[in-house]
There are 2 protein chains.
Amino acid sequence: MQSLAEKIQATLDWLSSFGADEAGGVSRFLYDKNWQAAQQGLKQKFEEAGMTASFDEVGNLFGRIEGSKYPQETIMSGSHVDTVNQGGTLDGQYGVAAAYLAISFLVETYGQPLRNLEVVSMAEEEGSRFPYVFWGSKNIWGLAERKDVEHTHDLNGVSFVEAMHQAGFDFRKSQTIRKDIKAFLEIHIEQGQILEQQQLPIGIIKNIVGQTCYTITLKGQANHAGTTPMAYRKDAVYGYAKIVTHGIEKAREVGAPLVLTFGQAEVTPNTVNVVPGQVTFSIDCRHPDGQVLKNFREELEKDMRQIAEENGLTIELDLFMDEPPVPMDREMVRVLEKACSEKGIAYQLMDSGGGHDSQIFAAFVPTAMLFVPSIDGISHNPAEATKLEDLTTGVEALISSLYKLAYQE
Amino acid sequence: MQSLAEKIQATLDWLSSFGADEAGGVSRFLYDKNWQAAQQGLKQKFEEAGMTASFDEVGNLFGRIEGSKYPQETIMSGSHVDTVNQGGTLDGQYGVAAAYLAISFLVETYGQPLRNLEVVSMAEEEGSRFPYVFWGSKNIWGLAERKDVEHTHDLNGVSFVEAMHQAGFDFRKSQTIRKDIKAFLEIHIEQGQILEQQQLPIGIIKNIVGQTCYTITLKGQANHAGTTPMAYRKDAVYGYAKIVTHGIEKAREVGAPLVLTFGQAEVTPNTVNVVPGQVTFSIDCRHPDGQVLKNFREELEKDMRQIAEENGLTIELDLFMDEPPVPMDREMVRVLEKACSEKGIAYQLMDSGGGHDSQIFAAFVPTAMLFVPSIDGISHNPAEATKLEDLTTGVEALISSLYKLAYQE
């Protein structure tokens, strides 16, 4: 008989074959052929494990074991089946595979649970094919709006609606929201280096961080690089560089877990011998405490305006994302801590710097997350990896947690 | 009869019609139809003014008045007839028009000169159609190499050779270099704001600055913007921003006439939610003193390497241009100063931050330059402009200078 570790490896290898690329990664996008094959394959696996498997209208896949005592109460676990372009073999699908294997293990070992146990393989989370994220979880909670996607297209010009129909799915018609879900638990790779640095196999998430994103445009005056003395310049790149150095040094002073990223920049005219007249750049700032995040971004705004003014530049700020932090359910966190402790699994409480389906669930039902370490913190990349022993410890922690939630009074 | 100012305006308006664009500027590229029409039009104008006009093999146009006493000695003045893409109505062609009008005025007023007087309308200086600069002046001095252009194409895929042949020109076959040119004098717009700030109509150039250009690649590690703590980042944009702020502040400390420009930058992967793994950027540094320029760039190199190291980044430096300053002829500068003083024309001695045909001539014959002010320093732009009274003062200074060089013993 296969060990749990062998089952995990085999399930991930099998799932990674749907959309595998030469680099060893996976590219599997909402409603495409690989996505359809993966979801159909999973449905069959769920059924083989004795689950009742079904899709909802948009393509979220559920595999269900009925509870013996509380058939109106469902403990759900899972994640998303789609990937980023040239993604790895763990982001999303590890959470689906882990929930499937954990529930299978529990039923094999302990028989029927008191409450329903459900694995969910959600349709979409990454926004990698169409400009929309959380299509799966937002449909489960009735948050996805038809108007937000019906005029979108992928890079090949295929419309969202066309892709959805070709895969055999449609917009959600039902107005009812599930009332039976009593808890949602998602396991995911960390995509960072904290657990690796701490040499711990498990993170239990306290908060999914709040996120603030800007597009900023600094305008000065394009001028000849040879004939414009330094004193007469309105150099947009200099202002940009001042803002970046000041912002990052300020973020370091505030300290972890604040993160600040200047990921994108476009210089105009972007010519060796012309003083840049304009820079458009992005800011991505995250913190698990909404007040700290708000204070920081307001101070940074003030500082940026001042740096612009001191250097003869105009500045426009477009705050295009301002999501508050999402706390995980405190009672659920305690259950997870207890589940780990009882099994002798070392863990630490931490925040999630990335967004996850759990943040959509958390507004409706008690929700929690487990993290496993990422080697070198690499993710969204074919090199994304976690040691098999850590993947196994993750599934063990999930088993222990789901046992408490579904098998105990 | 037209005044000199009216003649200047009429000549520039006429010349600007060859390649005029809707924005009020000019786009006229080596060997294109507008270029051909402009050069043929100028040839006719030169002939109407009593000059002997002729093209050399590559398309430089000369208009000549024979000297009475020293027919082996030629005083030459002019500039280039091509423009940048969407350029203005003064860069290059003002120098051609001014030389043509100055020589015409001198011959009308004082009759035949002692030495030959020649206006030159050079084929190319800007490098705006093919990736080659100074095609005109480098051919006059036998410096242009066939191999450097014969495999180049313009943006429409037309080869250099095809364009040249279609315009009726060919590579230079003659091996002889002119020995008769005794002095070259070029008048040009400043393309900067020094004269405007000083409220002076004329600049006499001491040096064309030396120029050092780098392409620099900083490499760190691309990472998730949400899950990578600040302390674990190797953020290439942060290193770049530190280098820019440090470099510009250092350049300001050294003071004018040093100029330092970070004109170009490409961020990789250039995504809002990814810590940038790489930045490739340009440096353009200029100073009229070769030793100051060398010391500054060596210090800057050292500092950049240190900033890279301190931030866990690797750095590659590609020094793709390292041109020494070109001094103008001291005796010629004195002649120009005297010519201005005698006419009561206020001037200042200054350096040219831009490159000009004169820097090619200066290695072979006594060479000097006159500048007129640029409104707001704007150039390489349809908004490029100079007050008509300044353009007129420029031609008057040129007349006075050419008189001294060609009419006096």
Side-chain angles (χ1 to χ4, degrees), chain A residues 190-194 197 209 211 213 215 222-233 235 237-238 240-245 248 251-252 255-267 269-276 279 282-284 286 352-355 374 377-381, chain B residues 190-194 197 209 211 213 215 222-233 235 237-238 240-245 248 251-252 255-267 269-276 279 282-284 286 352-355 374 377-381:
Chain A
E190 180 194 338
Q191 308 178 282
Q193 292 180 271
I194 294 170
Q197 299 270 347
V209 298
Q211 186 176 5
C213 294
T215 298
N223 246 320
H224 194 297
T227 58
T228 315
M230 300 307 279
Y232 300 155
R233 295 183 177 204
D235 181 343
V237 155
Y238 179 61
Y240 162 67
K242 291 276 280 186
I243 286 171
V244 171
T245 49
I248 288 184
R252 286 179 177 173
L258 184 77
V259 284
L260 177 68
T261 305
F262 295 86
Q264 218 170 26
E266 301 293 342
V267 176
N270 211 26
T271 302
V272 174
N273 58 5
V274 178
V275 180
V279 182
S282 69
I283 288 182
D284 177 322
R286 310 190 197 191
S352 169
S374 292
I378 296 169
S379 183
H380 286 192
N381 188 307
Chain B
E190 181 195 336
Q191 307 177 281
Q193 292 181 273
I194 295 170
Q197 300 271 347
V209 297
Q211 185 176 6
C213 294
T215 297
N223 246 320
H224 194 297
T227 57
T228 315
M230 300 307 281
Y232 300 155
R233 296 182 176 204
D235 181 343
V237 154
Y238 180 60
Y240 162 66
K242 292 274 280 186
I243 286 170
V244 171
T245 50
I248 288 184
R252 285 178 177 173
L258 184 77
V259 285
L260 177 68
T261 305
F262 294 86
Q264 218 170 26
E266 301 293 343
V267 177
N270 212 26
T271 301
V272 175
N273 57 5
V274 179
V275 180
V279 182
S282 69
I283 289 182
D284 178 322
R286 309 189 196 189
S352 169
S374 292
I378 297 169
S379 183
H380 286 192
N381 188 308

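Residue numbers start from 1 in every chain, and the chains themselves are labelled A, B, ... in the order their sequence lines are given, proteins ahead of strands. No experiment lies behind these values; they were computed from the predicted model shown.
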Looking only at Ile194(B), Val244(B), Val259(B), Thr215(B), most heavy-atom pairs under 4.5 Å shared with chain A are made by Val259(B)
Select, from Ala265(A), Gly355(A), Gly377(A), the one with the greatest count of heavy-atom pairs under 4.5 Å involving chain B.
Ala265(A)
Interface residue of largest heavy-atom contact number with chain B, from Ala231(A), Gly192(A), Cys213(A), Ala225(A), under 4.5 Å
Ala225(A)
Interchain contact, Thr271(A) with chain B, by part (heavy-atom threshold 4.5 Å)
backbone
Atom group of Val274(A) that falls short of 4.5 Å from chain B, counting heavy atoms:
backbone
Gap between atom CD of Gln193(A) and atom CZ of Arg233(B) - 0.5 Å precision
11.0 Å
Heaviest contributor of heavy-atom pairs below 4.5 Å to chain A, chosen from Pro229(B), Ser352(B), Pro269(B), Pro257(B), is Pro229(B)
I need the residue from Gly255(A), Ala251(A), Ser282(A), Ala222(A) with the largest number of non-hydrogen atom pairs under 4.5 Å to chain B.
Ser282(A)
Asp235(B): which of Leu260(A), Ile248(A), Thr261(A) passes side chain to side chain contact (heavy atoms under 4.5 Å, CB included)
Ile248(A)
Would you give the length of the straight line joining atom OG1 of Thr227(A) to atom CZ of Arg286(B), rounded to the nearest 0.5 angstrom?
7.5 Å
In Å and rounded to the nearest 0.5 Å, what is the CG to NE2 distance from Asn273(A) to His380(B)?
8.0 Å
Chain A heavy atoms under 4.5 Å from Ile243(B): which part of the residue, side chain, backbone, both or neither?
neither
Look at Ala256(B), Gly226(B), Ser374(B) and state which one has the largest set of heavy-atom pairs under 4.5 Å with chain A.
Gly226(B)
Quick check for you: among Val209(A), Val279(A), Val267(A), Val237(A), which has the greatest number of heavy-atom pairs under 4.5 Å with chain B?
Val237(A)
Could you tell me the separation between the CD atom of Glu266(B) and the CD atom of Glu266(A), rounded to the nearest 0.5 Å?
7.0 Å
Minimum heavy-atom distance between Gln191(A) and His224(B), given as atom pair plus value:
O-CB, 3.8 Å
